[in-house]
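Within every chain, numbering begins at 1; the chains are lettered A, B, ... in the order of the sequence lines, protein sequences first and strands thereafter. Predicted, not measured: the structure shown is a model, and the values here were computed from it.
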2 protein chains.
Amino acid sequence: MAEDREVTIYDIAKYLNISAATVSRGLKNNPMISKQTRKKITDAATMLGYQSNTFASSLRSRQTLTLGVLVPRLNSHFMSSVLAGMENAANLHGYNLIIAQSLEDVDKEKRNVLTMYNKRVDGLLISLSANAVDIQHLEPFFKKQIPVVFFDRVHPHADSTSVGIDNYEAAYKITTHLISQGCKRIMHLGGNLLRNVYTDRFKGYKKALKDHRLLFVESLHLVSNLSEQAGTEAARYILDLPAAERPDAVFSANDTAAVYCMLALKAAGLRIPEDIAFAGFNNDPISKVIEPNLTTMNYSGEAIGNTAATYLINHLKGSTDLYATNAITLRADLVIRASSLKKDAAG
Amino acid sequence: MAEDREVTIYDIAKYLNISAATVSRGLKNNPMISKQTRKKITDAATMLGYQSNTFASSLRSRQTLTLGVLVPRLNSHFMSSVLAGMENAANLHGYNLIIAQSLEDVDKEKRNVLTMYNKRVDGLLISLSANAVDIQHLEPFFKKQIPVVFFDRVHPHADSTSVGIDNYEAAYKITTHLISQGCKRIMHLGGNLLRNVYTDRFKGYKKALKDHRLLFVESLHLVSNLSEQAGTEAARYILDLPAAERPDAVFSANDTAAVYCMLALKAAGLRIPEDIAFAGFNNDPISKVIEPNLTTMNYSGEAIGNTAATYLINHLKGSTDLYATNAITLRADLVIRASSLKKDAAG
DNA sequence: TAAAAAAATGCAATCGGTTACGTTTACTTG
DNA sequence: CAAGTAAACGTAACCGATTGCATTTTTTTA
């Protein structure tokens, strides 16, 4: 209890009758130190129970081997996959992750950004909160040339890179698929239009309609937070529509809303995909469980997280230049399942 | 680019012609400093764009306001809820979270524990990896009196607290429920028996059997990692059993295995719950989507995370004594859904 | 109003490593 | 074998904030 003092490199130095500088170098495998003394040092270190003090080191060397991760919410399947991917990459290269969530609140996001800055993270990985209008709050990072990588919910910026998928293209593909199944009145359940992921999906959807000479109908475009409840409410909305105005397909910007919408419509007696086809986005676990299985867009959160983190770390290590790359687009695949197969179902 | 130097308290001090000590105190709202100078200091700080350097502070003050979080896997619904709860609690009290995953590998867990120690986290929140036999690797923490809180997958230890649910009781309730529905041959899909959560569930299951004069049958107890694949394989196992030896109910230690087992059995033509009833554990989102909906044990990951973190922080702030409390048990509720309602289904 | 008490501020050591630069020791080479 | 080079190690000044103790300033009290 009393002897709370830490074992430091000075203790090792004294023990071996050498200088602390040598100990420091020896512990970091500096080639300047001879093999024998290096061995003596590491031996003495384990013997005395030495554990390096990271921030004493960070203070002097100006690097923390820590990355800041800022996400809207921690508890979604997609985000936890992203984190898993980041953690793998970080761990592999000796980095640690400080993780915080903004809960879709810009103010919290701002505070968290500052905390990350004060903790002097070597780089920042961020997915913007729903209502962040600009990235003014990231200025401290840009000013100090601390690399920032956006992922998923990105924001164009000259000095940073974005990692994600081509949401426009993906939505275009999905919508086209629905059209190819004979759907003519395709509804879109979209998210907050401040965020690229949702505007892009919306645009891809509209473009597909246009390219196939289908009219975009304002009343078939709902914006929500895409929660379970939002899905259920969308179903209510659909059921309340006059029969002639009802959609014959729904493309939801995420699987959660799609699934809960399906559940409610099924409960109301609609048949899927015969009466109304469905497509989601994310390939969430629930999409493989709902009946009929949900057609969706599959893309690996883990890959996004891994890529973003690896990229950031490579930049920090000097092997890649972050500022040269503006965006990294990962592949996303249309996974066709029963929920959208009108023709097969009919046949 | 050139002027990379940070703005420090010395810059503020020089600017105001006062000492750095006063600046330091002023910034921390030390009552020793007069109101006016305090204001001058904070004004100058924002004016000069000062941002405190956390680890210079940590080095001297010996506290990092950082908690280490070590989990088996980041990407599960339960775990991400736990993290969300922890982040809320931490953020509320000005703490940050360093998060790492062991991927069920003790060696990785050991390395991570050491990293956390080297980063001098103020406390550790840990859920053990599946194959950790002891907690020897936590010794550095115990030796230095750095508080450790176990959650979910806990391990008894005199100087630390565990936060979780009563798995024994919960499993007992679930099993009893199945029995009350008339099930007589109840299979158990269990997890690694090194971990309390799984042994306790197994024991609760056995006790319920015993209390209702049902025999525990070794062939109806499968141990696996409870993955999707494990669930599917369990179904195969069941289908390969002679008709007379088939279970009339399955109690799975998690929802994932339960759901994938159900899917496979349904595909093979079995009716649920008529031919075989099902109960899971976790109240995962998929349990509300599978048909029939899965009976399961609901307990809040968010509450577990929040409680564990709050408890740890209170201890750090001196308002509670961690060493006095040995375990905190949160409530878990049996959620009865169609997958286990034989009587109703039959009626 | 002088002395005592309280409040506000300054001094300087300290936390535990890192690193530029200087010094010693070992090894080459003409 | 002397001189020159390379390898190995030491000295000491940092990094930026905190804090025990001393000192100055202000307020209170006698």
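Using a 4.0 Å cut-off, no side-chain N or O of A:R62 falls inside it from OP1 or OP2 of D:dC14. Between B:S34 and C:dT9 there is a side-chain polar atom (N or O) within less than 4.0 angstrom of OP1 or OP2.
Electrostatic pairing of A:K144 and A:E139 does not count as a salt bridge here, judged by no charged N lying under 4.0 Å from a carboxylate O. Contact check on A:K39 versus A:D43 returns a salt bridge, with a Lys/Arg side-chain nitrogen under 4.0 Å from an Asp/Glu carboxylate oxygen.
Inter-residue side-chain proximity for A:V69 and B:I99 is flagged as unmet; no heavy-atom pair is nearer than 4.5 Å.
Between A:H157 and A:F150, the distance separating the two ring centers is not shorter than 6.0 angstrom.
In this entry the distance linking NZ of B:K14 with P of C:dG10 reads 15 Å, nearest Å. To the nearest angstrom, C1' of D:dG10 lies 12 Å from CD1 of A:I41. As a whole-Å value, the separation of B:Q36 CD from C:dA7 P is 15 Å. Spacing between atom CG of A:N30 and atom C1' of C:dC21 amounts to 15 Å, rounded to whole angstrom units. Remark: C1' of C:dT18 and CG of A:N29 are 16 Å apart, rounded to the nearest angstrom. Remark: C1' of C:dT24 and CD1 of A:I33 are 14 Å apart, rounded to the nearest angstrom. At whole-Å resolution of the value, CG in A:N53 and P in D:dC15 are 18 Å apart. Residue A:F55 contributes atom CZ, which lies 9 Å from atom P of C:dG16 at whole-angstrom precision.
A:S129 and A:K108 are not linked by any side-chain donor-acceptor pair at a separation below 3.5 angstrom, with hydrogens and angles left out of the test.
Taking every side-chain heavy atom of A:I18 into account, D:dG10 is the closest of D:dG10, C:dG17, D:dG16.
In terms of heavy-atom proximity, A:K119 sits nearest to B:L65 at NZ-O, 3.3 Å.
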Side-chain polar contacts of residues 25-34 of chain A - donor-acceptor pairs under 3.5 angstrom, sequence neighbours left out - could you list them?
{"from": "A:N30", "atom 1": "OD1", "to": "A:M32", "atom 2": "N", "distance (Å)": "2.8"}
{"from": "A:S34", "atom 1": "OG", "to": "A:T37", "atom 2": "N", "distance (Å)": "3.4"}
{"from": "A:S34", "atom 1": "OG", "to": "A:T37", "atom 2": "OG1", "distance (Å)": "2.7"}

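Between B:K35 and A:L59, it is B:K35 whose nearest contact on DNA chain C lies nearer the 5' terminus.
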Taking protein heavy atoms under 4.0 Å as touching, what does nucleotides 18-28 of chain D look like 5' to 3' if B marks base contact, S marks sugar-phosphate-only contact and - marks none? BBBB-------
